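This is a predicted model, so every value here is computed, not measured.
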Amino acid sequence: MTRTTWCLVGLGALVLLIAWNFRDYATLWRGRWQPLPLQPALSSEARDGDWTMWRGNAQRTGVHAQPGPVPTGQVEWQFANGAGFIASPIAAGDSLYVADTQGRLSRLQRSTGSVLWRLQGLGPFDASPALAGDLLYIGLRDGRLLAIQTADGVIRWHVATGNPIYGSPLVHQGVLYIGSGDGLVYALDAVSGVERWRAQTEGWIHSSPALLEDLVYVGSNDGALYFIDRRTGVPRWRYRTSQAIRATPAIAEGLILFGGEDGWFRAIDAYTLGARWTYAWRWLQITLFVWGFTGPPSYLPGFRWQYRTRAPIVASAAVAHDLVYVASQRGTLAALELHTGTLRWSFAARQAISASPVVAGDVLYVASYDQTLTALDARDGTLRWQFTAGGAIHATPIVCDGRVYVATLDGGIYALQ
């Protein structure tokens with residue numbers, strides 16, 4: 001090749017590299033992102049001792065920053081709902097918001113359990129609500145996302161997605177992020193419901209989105225964890241596993257921590273993004289290894305450690321005290337060292353654990369299908385106390401103002417002090 005040809009090839013490569021780095025601007029030009037004003041104060045993250053979203057914060061760590069007095073497991077009040085709970089409650093001020101499997105959304109007085117208002121006939125709820133400002137956001141099994149006024153229960157706006165919503169919304173700087181059974185992740189203006197962008201995955205979404213800086217992370221039933229640019233909706237990368245990822249990822253100290261239906265719990269670097277040809281290269285490495293030409297294939301970019309539970313993982317992990325608390329459908333909970341994945345201690349329930357563990361101060365709360373809520377020492381796993389409810393517990397309990405709130409599949413709500 002002549003020098004001129006080499007120069008043209010180099011210039012073409014440079015142009016392609018520049019175009020790749022500016023693809024976000026091309027996205028803006030195509031109109032996939034509608035630049036609406038940000039509202040930094042409008043967020044669903046818990047503050048002032050409340051618990052206003054699934055897992056408590058945008059990183060979904062399941063930790064209460066202001067736990068208050070340590071509960072002892074005594075029943076302060078009990079509420080009989082008449083329909084079971086899959087969705088977890090949230091709490092703000094003196095209000096507790098609960099949504100049941102018969103389509104009723106109730107606002108209860110947190111101190112007494114009395115009903116303040118109730119909406120009926122909405123359709124079954126599988127996902128927990130999120131609260132930001134004066135609006136309560138919740139997804140329905142019929143695919144609608146509702147924004148409801150907390151003062152009177154009036155629906156301010158709704159948006160229809162293509163399939164059931166199983167995940168809980170996340171509101172950050174006035175933008176709401178939610179995944180749907182149609183395989184799409186949506187970003188909406190939290191005040192008006194106007195769509196900013198949508199990102200496509202290849203499977204149903206049960207996972208709730210988690211957020212760190214400029215990336216939104218969400219698992220899909222296609223077996224991949226998606227890294228999505230929160231400004232534009234452009235997928236930055238996807239970390240593939242062999243089976244569905246239904247559990248919501250947790251983020252701590254630069255690590256994405258998530259489990260899957262393949263029974264493996266993984267920790268990967270939140271800031272490492274693989275190239276598009278990463279999986280093709282890994283496929284080639286595996287093929288060469290199978291045929292005996294090379295050694296074992298290398299791990300994917302950003303991989304830190306993994307732990308095998310030998311059972312599907314549908315509960316999200318909690319992260320506190322440099323430990324990751326991982327529950328499985330086998331009924332076991334493992335406390336793993338955050339940076340190495342080394343097992344520190346474990347706990348065995350009598351049945352499956354679908355509810356995600358929660359940490360408040362030095363206490364870890366674990367609920368299971370054997371109708372039991374167990375309080376353990378978060379550092380060493382020592383038993384503090386146990387409470388037996390009237391039905392199996394699928395919904396994750398929450399901890400606020402020195403109380404633990406537990407919702408069961410037989411329709412009971414318990415406030416334990």
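- In this structure, Y186 has no ring pair (Phe, Tyr, Trp, His ring centres under 6.0 Å) partners at least two apart in sequence or on a different chain.
- Residue A92 comes nearest to L131 through the heavy atom pair CB-CD2, 3.3 Å, listed as atom of the first residue, atom of the second, then distance.
- In this structure, Y166 has no side chain to side chain donor-acceptor pair (under 3.5 Å) partners at least two apart in sequence or on a different chain.
- The aromatic rings of Y177 and W197 sit tilted, their planes meeting at an angle between 30° and 60°.
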>> One pair to check against side chain to side chain donor-acceptor pair (under 3.5 Å): N57 and E45. What are the steps and the verdict?
In response: CA-CA 5 Å; N57 53 46; E45 291 203 73; 5.3 Å; no
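- In terms of heavy atoms, A317 sits closest to V324 at CB-CG1, 3.8 Å.
- Using modelled atom types and a 3.5 Å distance limit, the side chains of T332 and S328 yield a donor-acceptor pair.
- For T101, there are no side chain to side chain donor-acceptor pair (under 3.5 Å) partners two or more places apart in sequence or in a different chain.
- Separation of atoms OG1 (T241) and CD (E261) is listed at 9.5 Å; rounding is to 0.5 Å.
- Under the 30°/60° scheme for interplanar angles, the aromatic rings of Y97 and W117 are found to be tilted.
- Using modelled atom types and a 3.5 Å distance limit, the side chains of Q351 and S368 yield no donor-acceptor pair.
- S180 and T161 share a donor-acceptor pair across their side chains, judged by distance under 3.5 Å alone.
- Annotation: ring pair (Phe, Tyr, Trp, His ring centres under 6.0 Å) contacts of F303 (sequence neighbours excluded): Y299.
- In terms of the ring pair (Phe, Tyr, Trp, His ring centres under 6.0 Å) criterion, Y405 has no residue partners (sequence neighbours excluded).
- Remark: Y217 engages F227 in a ring pair (Phe, Tyr, Trp, His ring centres under 6.0 Å) (not counting sequence neighbours).
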